[in-house]
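Order of appearance sets the numbers: ligands from 1, and atoms from 1 within every ligand. Keep in mind the model is a prediction, meaning the values are calculated, not measured.
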Amino acid sequence: MERSLPFAVLISGRGSNMLALARAASEGRIAGRLAVVISDQPAAMGLVEAHRLGLATDVVEAAGGTDRATLGRRLTEILERHRTELVALAGFMRILDAGFVQRWQGRLLNIHPSLLPAHRGLHTHRRVLAAGDHQHGCTVHFVTEELDAGPAIIQGRLAVRPGDTEESLSARVQQLEHIIYPRAVGWFAARRLQWKDGCAMLDDRPLTSPIIEDAQ
Ligand code: GRF
């Protein structure tokens, strides 16, 4: 029987990337199964969508003074219960502690709305406009302890247009996100993408720079 990788998606909000991953798995573009959708926000829109699709969901208790290490342990408990082999962060708005990152190292991906290493952190569309950048996009990368700094795997790239706003950029970047994240997870599920000694490897070759997908 063909192997189907159980993966998890962690969200805090809308969950459009989670839906793109769920769709890719159900259409066979990812040789995997979305085993659980986890949120730190009980009211996240993405959880409603996940329920609608009949996916397993869970909410990680993160109220009040929950420290990062406790949050990380609770997440790992849920992930292990679902026999997760890959964790995809998709708009999960919590910083993960070192223990969690080490536990899942090489099996932990994130999508970030900029062409990393440019514009790590928040408000990337605003910062692209303020800097007068000509190009913008999104990056799927392996997660390491340093925020938004792990090895990049694939980037979606677009040209900034005159008159672009944060909203117009965000909409075009998201279209690219929904292409590149399923592609990266598909590579991982097919064992084409691997983590080796701190490097991203694609088809047994180190990715010295990310694969680029240009917007049409
Ligand atoms: C995306 O823009 C992603 O790059 C960032 O958070 C956003 C999540 O959007 N990390 P959604 O919840 O997947 O729609």
Side-chain angles (χ1 to χ4, degrees), residues 7-26 29-30 32 34 36-53 55 57-60 62 71 75 86-96 100-101 104 108-129 133 135-158 160 164-186 210-213 215:
F7 68 96
V9 182
L10 271 54
I11 63 169
S12 296
R14 184 176 38 183
S16 70
N17 280 285
M18 177 275 295
L19 288 174
L21 291 167
R23 193 173 314 121
S26 71
R29 284 180 283 128
I30 295 173
L34 180 40
V36 62
V37 177
I38 308 174
S39 179
D40 61 320
Q41 301 293 326
M45 265 304 295
L47 282 181
V48 177
E49 296 292 327
H51 278 139
R52 202 171 48 79
L53 292 178
L55 296 167
T57 63
D58 212 328
V59 174
V60 72
L71 183 85
L75 279 171
L86 174 70
V87 183
L89 306 179
F92 187 66
M93 299 304 285
R94 299 264 169 184
I95 295 177
L96 296 161
F100 182 86
V101 173
W104 296 97
L108 185 56
L109 302 180
N110 183 42
I111 186 149
H112 180 78
S114 80
L115 296 171
L116 291 172
H119 306 300
R120 290 158 62 179
L122 296 174
H123 309 300
T124 57
H125 312 306
R126 190 183 310 170
R127 285 157 58 206
V128 160
L129 291 170
D133 293 354
Q135 291 190 319
H136 185 31
C138 44
T139 306
V140 177
H141 64 95
F142 279 110
V143 174
T144 56
E145 286 175 42
E146 198 182 342
L147 201 64
D148 301 329
I153 299 158
I154 182 168
Q155 294 187 318
R157 189 169 63 182
L158 54 77
V160 178
D164 257 329
T165 60
E166 279 186 61
E167 290 70 31
S168 65
L169 281 180
S170 161
R172 295 214 308 288
V173 167
Q174 278 240 306
Q175 286 177 4
L176 283 171
E177 291 183 351
H178 300 163
I179 295 170
I180 68 168
Y181 215 176
R183 195 166 299 165
V185 171
I211 306 293
I212 302 288
E213 170 79 23

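- Sorted by chain and number, the residues within 4.0 Å of ligand 1 by heavy atom are Arg14, Gly15, Ser16, Asn17, Gly91, Ile111, His112, Pro113, Gln174, Glu177.
- One finds no salt bridge joining Arg14 and Glu49 here, because no Lys/Arg side-chain nitrogen approaches an Asp/Glu carboxylate oxygen to under 4.0 Å.
- With hydrogens and angles disregarded, a donor-acceptor distance shorter than 3.5 Å links the side chain of Arg127 to the backbone of Arg120.
- For the pair Ser114 (side chain) and His119 (backbone), a donor-acceptor distance under 3.5 Å is present.
- Minimum heavy-atom separation, Ala22 to Leu55: CB-CD1, 4.2 Å.
- Between His141 and His112, the gap from one ring centroid to the other reaches at least 6.0 Å.
- Without hydrogens or angle criteria, Thr124 side chain to Pro113 main chain gives a donor-acceptor distance under 3.5 Å.
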